[in-house]
Structure formats: structure tokens, C-alpha cells
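Everything below concerns the one structure shown next.
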Amino acid sequence: MKIFDIEQLAKADKVTIEKQEISSTELMERAATLVFNDIHSKLNGAQIPIKIFCGIGNNGGDGLVIGRLLLEHGYQVIAYVVNYSNKRSQDFLLNYDRIKEVSNNWPSSIKGEDDFPEISEKDFIIDAMFGIGLNRPLEDWVGKLVRHINRSKAFIVAIDMPSGMFADKMPNEKRPAIKANVTITFQSPKLIFFLPQAAEYIGDLQVIDIGLDREYLAKTAVNKQLINKPEAQLLYKPRINFAHKGDYGHALIIGGSYGKIGSISLTAKATLKTGAGMVTIFSPKCGYQILQSTVPEAMVLTDENEETLSNIEFDLSPDVICFGMGAGTSKETTAAFKDLLINTKKPMVIDADGINILSKEKELIKELPENTVLTPHPGELERLIGKWKDDFDKLYKVKKFSKEHKLIVVIKGAHTIIVFNDDLYINNTGNPGMATAGSGDVLSGVITSLISQKYEPLIAAVFGVYLHGKTGDILAEEMSYEGLIAGDIADNIGKSFLDLFKKEMQSEGN
Ligand SMILES: NC(=O)C1=CN([C@@H]2O[C@H](COP(=O)(O)OP(=O)(O)OC[C@H]3O[C@@H](n4cnc5c(N)ncnc54)[C@H](OP(=O)(O)O)[C@@H]3O)[C@@H](O)[C@H]2O)[C@@H](O)CC1
Ligand SMILES: [K+]
């Protein structure tokens with residue numbers, strides 16, 4: 001799914017109005033009716049106090065339409081107009097009159113702190129103060145109202161965006177925004193919704209298709225995509241009949257040290273389970289017996305050193321090399337990694353201590369082949385690119401790093417983001433159960449395996465992250481978040497392939 005900028009969405013609104021020959025009022029009615037339907041289906045007529053905070057622009061207009069429809073269906077509604085400006089939009093004004101026809105009262109006006117209503121934790125709040133039109137800091141008293149609503153512990157549904165949130169700046173103490181339980185957004189999610197620091201403001205995300213012009217949406221280029229099943233299906237390469245194991249490549253997994261052999265065992269298993277034709281593991285001597293018994297399908301080569309990697313020599317020509325899991329960052333291992341980089345130019349996946357070594361020895365980065373995939377977790381990423389001010393700054397720095405070194409960076413997190421040049425691929429599978437030891441080792445194996453099967457490295461990263469997360473989602477249903485461990489993910493990657501083309505009873509939401 002494309003993720004549009006707010007300028008593109010505003011343009012999409014305009015184009016839709018022209019091409020569908022409808023008024024902006026009708027488009028607002030359509031969008032707000034879809035929100036109403038959703039809320040109505042959940043509240044099911046419950047007589048709980050609903051308070052709607054409306055701005056004076058079109059987001060406020062949405063709030064007034066939702067309020068009118070709720071009143072018409074017998075709900076207890078109080079609508080407030082937050083008068084932060086005198087520049088009321090036309091569609092706001094029209095719906096201001098319309099709600100009065102139903103309630104027989106004008107909405108209450110809030111002009112300052114004295115007008116703030118009491119909010120109980122039993123209230124149901126609809127936040128329609130600001131949407132994508134927010135373009136400057138909130139006035140002091142409006143910021144206080146936002147904090148007042150947040151303090152209430154009431155259940156909050158934000159319309160289009162949590163009010164106070166800019167599309168391109170993180171909210172913080174000085175820049176307050178509504179902390180919604182649910183955000184119902186129109187047509188396309190906004191990038192900020194997927195950044196970790198925004199999670200506490202967004203709550204559960206719902207994207208509503210309000211029928212904006214399909215042609216405009218299809219033709220408009222974006223550099224951000226959300227990866228759900230339909231996108232993943234397009235990435236899959238069917239296996240051919242009469243295939244030979246050589247058709248699916250030979251992956252070489254290098255890593256491990258005394259006490260950390262399990263990591264490469266997980267990576268190797270995931271590489272095999274994702275479909276690589278052959279896997280060879282290169283580990284310190286101490287890994288030999290463990291690996292032969294935990295992953296009998298893989299071949300094992302060992303270093304001359306007992307406990308850590310010191311000299312990575314092999315007489316084979318792998319299609320891809322994955323380096324780093326459990327390797328440590330000792331002097332010998334660093335030197336061995338350096339020799340490996342200088343002597344081989346195979347496609348590479350670098351994880352964990354591989355990234356830590358690159359962070360310490362920055363000049364090694366230029367030895368990485370183009371399109372190498374790096375899979376850092378937040379700590380490893382910070383060591384690699386330095387501290388960032390906020391999540392937007394992090395993306396800026398990673399894009400710069402990716403462009404400068406021609407690398408693919410997989411920023412692991414609740415929504416893992418794959419960065420290549422200026423393009424972002426935001427994964428929408430996975431769950432908190434996957435925050436478990438070794439989960440990253442499995443991901444490296446999945447990506448390595450896909451590269452070995454001749455997927456382009458960028459596709460392998462995007463598709464691999466999707467499959468890894470999807471496997472976790474399928475397993476969480478069977479065994480709970482708590483019960484899920486990395487070995488389960490490695491063992492069950494196949495389920496995510498099966499799921500790719502399984503017919504759903506209902507089409508997948510977001
Ligand atoms: N277009 C369509 O057809 C559809 C639109 N839809 C809905 O419209 C929403 C966008 O509406 P919107 O453009 O009117 O902006 P909104 O977010 O309501 O802000 C109101 C205005 O406030 C102003 N302002 C900004 N910052 C400020 C500040 N700090 N303090 C004080 N004032 C400030 C600024 O105006 P300015 O003063 O800069 O001229 C701004 O325009 C969108 O999110 C969706 O909910 C849907 O109905 C679907 C159909
Ligand atoms: K809002």
C-alpha cells in the first residue's frame with residue numbers, strides 16, 4: 001500500500017471532487033459516514049457519554065458530521081467547537097448548522113481554559129480538532145486542552161490524525177498531541193504512524209478507504225510503501241518443477257563463538273527452512289558437534305581456533321554470505337572479517353557483531369559489496385550511524401548512510417523499515433511475541449536464503465521481513481506471544497509461504 005505525503009492526499013481530495021463531480025461537502029459526508037459506521041458497529045447503541053472535540057476546519061467538519069449521525073442514531077453526544085481561529089471552513093459551517101437541526105442546540109464553544117469541560121474516564125472522546133491541516137504550533141490554551149483530554153484516561157478515537165501531531169515532526173512535551181486509543185485515518189496511513197516514538201499517540205490504526213480517485217492514487221509516485229500480504233504476494237517467485245538443489249543456491253553462514261553457537265544454528269535452520277538449496281556453516285571449532293547435531297542438513301566447516309573466529313578460509317563458492325551472529329568483536333575476529341571482505345565480493349547479509357565490527361572499524365564499510373543487507377536492531381544502528389534526535393532524524397541519517405555506501409538497511413522494530421536510498425518499505429507483520437532472543441538471527445537466515453534463491457537483495461530484505469513477521473503472527477495465535485521462541489519461527493517459516501496464497505474469509509485490514 002502506498003503511503004502518501006499529506007500534500008499528495010490534499011491533492012487527491014481535490015482531484016476526486018473534480019472527477020467524481022461531487023462537492024467537498026459530499027466527500028466529507030462520505031468519509032465521516034464511514035467513520036460513524038465503524039464506531040456504531042462497535043458501540044452498538046451503548047448509552048455512554050460521547051464528547052466530540054471539533055476544530056474549525058474540515059477535520060472539525062468531519063467531527064460534526066459524525067456527531068450528527070450519532071445523534072440521529074440515539075447516542076448521547078455533546079459536541080464542542082474548539083475556537084482556535086476565526087477562519088472557519090465552509091464545510092465546517094455547513095455542518096455546524098446541520099448538527100443544530102438535529103440536536104436543537106448549537107455545539108458548546110471552547111475559547112480558553114475556563115471553558116474546558118470535565119472529562120471522566122467513562123467518556124468516549126472523538127478527537128476532530130486538527131487533521132492534516134495543522135501547520136504551526138498549537139496556541140498555549142489549545143495545547144492545555146490536549147493535555148486535559150489526555151489526562152482524563154477516557155477512551156479516545158482520533159479522526160485522520162491525533163490532533164497536535166504534525167505529519168513530519170514528533171510530538172513531545174513541548175509539542176503536545178492527543179494520545180489516542182484508536183486512530184481512524186483516511187485513505188492512506190501517514191508515515192509517522194509507523195515510527196516507534198509515535199506509537200503511544202496512534203493506538204490501534206485503522207485506514208478507511210474513502211474512495212479517492214483511483215487513477216490519481218495509482219499514478220502518483222511515492223517513496224514509502226506499507227508491506228501487507230498483497231504486496232508480498234507480488235514478490236514471491238514460484239519454484240519450478242524439476243528443480244535441482246543447485247537452483248536455489250548455496251548459502252554460507254559465518255559466526256558463532258563459545259557459548260553463542262545457538263545463534264548461527266538458528267540462522268542456518270532458518271536459511272534452510274526458507275528454501276535455500278544448500279547451507280554451509282563456518283564456525284569456531286567448538287561449534288562443530290553442536291551444529292552437526294542441531295542442523296544436520298547443513299555442512300559445517302570450522303576455524304582453526306577453538307572459541308572464536310580467527311581465519312575464515314573456505315574452498316567453495318557460495319551464492320551469498322551471512323556474517324555476524326554470535327561472532328563477538330575480538331581483534332582476531334575483526335581481522336578475519338576484514339580479510340573476508342577484501343577477498344570475497346559475494347552478496348552479503350551482515351547482522352549483529354558484524355555490524356558492531358563495522359561500527360568500530362568504519363573504513364571496512366567501503367569494502368562491503370553494493371546492495372549488502374545490514375540488519376541492525378536499535379542499539380546496533382546507533383553504534384553504526386550515531387545518535388539521532390528523533391525517529392525522523394533517524395530515517396534521514398539511515399537514508400544518507402544507505403545512499404553514501406549503496407547498502408540496504410533493515411531497521412528492526414515493531415514496524416521494521418527497510419531503507420534503500422530514499423525509499424522506505426514499512427513492514428506490517430510481526431508482534432510483541434517476537435521480541436525474543438534469537439529472533440534476529442532467524443531473520444538474517446530468511447533474508448540470506450532468499451538471496452541464495454536469486455531474489456534481488458532489496459526484495460529479499462522486504463519479503464524476508466514480511467515472512468518472518470507473518471510466521472510470528474501465525475504462531476502467536478497457536479502458542480501466545482509469551483510462548484513463542486526464535487526456534488519456533490525458524491521451524492515454521494513454511495507456514496508464511498502457505499499463508500501467502502490462502503484465501504481469506506475477509507480481505508485483510510491494516
Ligand atoms: N479536503 C477534503 O475534501 C476532505 C478532508 N477531510 C478532512 O479534512 C482535514 C483537513 O482539513 P483542513 O485542511 O481544513 O485542516 P484541519 O486539519 O481541519 O485544520 C484546520 C485549519 O486550522 C489552521 N491551523 C493550522 N494549524 C493551526 C494552529 N496551530 N492553530 C490554529 N489554527 C491552525 C489551518 O488553517 P490556516 O489558518 O493556516 O489557514 C488549517 O487549515 C483532514 O485531516 C480530514 O479530516 C475529510 O473530510 C475528507 C475530505
Ligand atoms: K484529529
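Numbering of ligands and ligand atoms starts at 1, following listing order.
- Within D127, O is the N, O or S atom that lies nearest to the K ion (ligand 2).
- Residue Y84 approaches ligand 1 through these ligand atoms, each under 4.0 Å from one of its heavy atoms: 19 (O), 20 (C), 22 (O), 31 (C), 32 (N).
- Those atoms of ligand 1 that come under 4.0 Å of a heavy atom in D13, given as number and element, are 1 (N), 2 (C), 3 (O), 4 (C), 5 (C).
- Taking 3.4 Å as the threshold, N59 counts as a candidate ligand of the K ion (ligand 2), since one of its N, O or S atoms lies below it.
- Heavy atoms of S89 come nearer than 4.0 angstrom to ligand 1 in no pair at all.
- Within the coordination shell of the K ion (ligand 2), defined by N, O or S atoms under 3.4 Å, F130 is present.
- At a threshold of 4.0 Å, the pair K394-D391 counts as salt-bridged, since one of the basic side-chain nitrogens sits closer than that to a carboxylate oxygen.
- Annotation: F501 is in aromatic contact with Y236 [ring centroid separation under 6.0 Å].
- With a 4.0 Å heavy-atom cut-off, ligand 1 is reached by the backbone of N135 and by its side chain too.
- In summary, D127 and K179 do not engage in a salt bridge, as defined by a charged side-chain N under 4.0 Å from a carboxylate O.
- Residue I210 places no N or O, backbone or side chain, under 3.5 Å from any N or O of ligand 1.
- Which parts of ligand 1 touch L27 is read off a 4.0 Å heavy-atom cut-off, strictly below it: atoms 3 (O), 49 (C).
- Every residue two or more places apart in sequence or in another chain that forms a salt bridge (charged side-chain N to carboxylate O under 4.0 Å, His left out) with D351 is listed here: K412.
- Under 4.0 angstrom from ligand 1, the non-hydrogen atoms of L134 come from both its backbone and its side chain.
- Each of the atoms 8 (O), 9 (C), 11 (O), 18 (O), 43 (O), 45 (O) of ligand 1 lies under 4.0 Å from some heavy atom of N59.
- Distances between N or O atoms of F130 and those of ligand 1 include no value under 3.5 Å.
- Annotation for ligand 1: atoms under 4.0 Å from non-hydrogen atoms of G131 are 16 (P), 17 (O), 43 (O).
- Residue contacts with ligand 1 include K87, since one or more of its heavy atoms lies under 4.0 Å from the ligand.
- Within the structure, the ring pair (Phe, Tyr, Trp, His ring centres under 6.0 Å) test picks out the following pairs touching residues 85-107 (sequence neighbours left out): F92-Y96, Y96-W106.
- Ligand 1 is approached by D62 to a heavy-atom distance shorter than 4.0 Å.
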Test side chain to side chain donor-acceptor pair (under 3.5 Å) on Q453 and S449 and set out the steps.
CA-CA 6 Å; Q453 293 169 69; S449 184; 3.0 Å; yes

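- Taking the charged nitrogens against the carboxylate oxygens, D160 and K190 do have a contact shorter than 4.0 Å, which makes a salt bridge.
- Ring-centre distance between H40 and Y75: below the 6.0 Å cut-off.
- Ion pairing between a basic and an acidic side chain is recognised when a charged N comes within 4.0 Å of a carboxylate O; K397 and D393 show such pairing.
- Counting atoms of ligand 1 from 1 in the listed order, those under 4.0 Å from a heavy atom of M28 are 47 (O).
- In this structure, D390 does not pair ionically with K169, as no charged nitrogen and carboxylate oxygen lie closer than 4.0 Å.
- Numbered from 1 in the order shown, with element, the atoms of ligand 1 that lie under 4.0 Å from a heavy atom of G57 read 14 (O), 18 (O), 20 (C).
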Show your reasoning for whether salt bridge (Lys or Arg N to Asp or Glu O under 4.0 Å) applies to D209 and R214. CA-CA 11 Å; D209 182 345; R214 291 277 173 263; 2.7 Å; yes

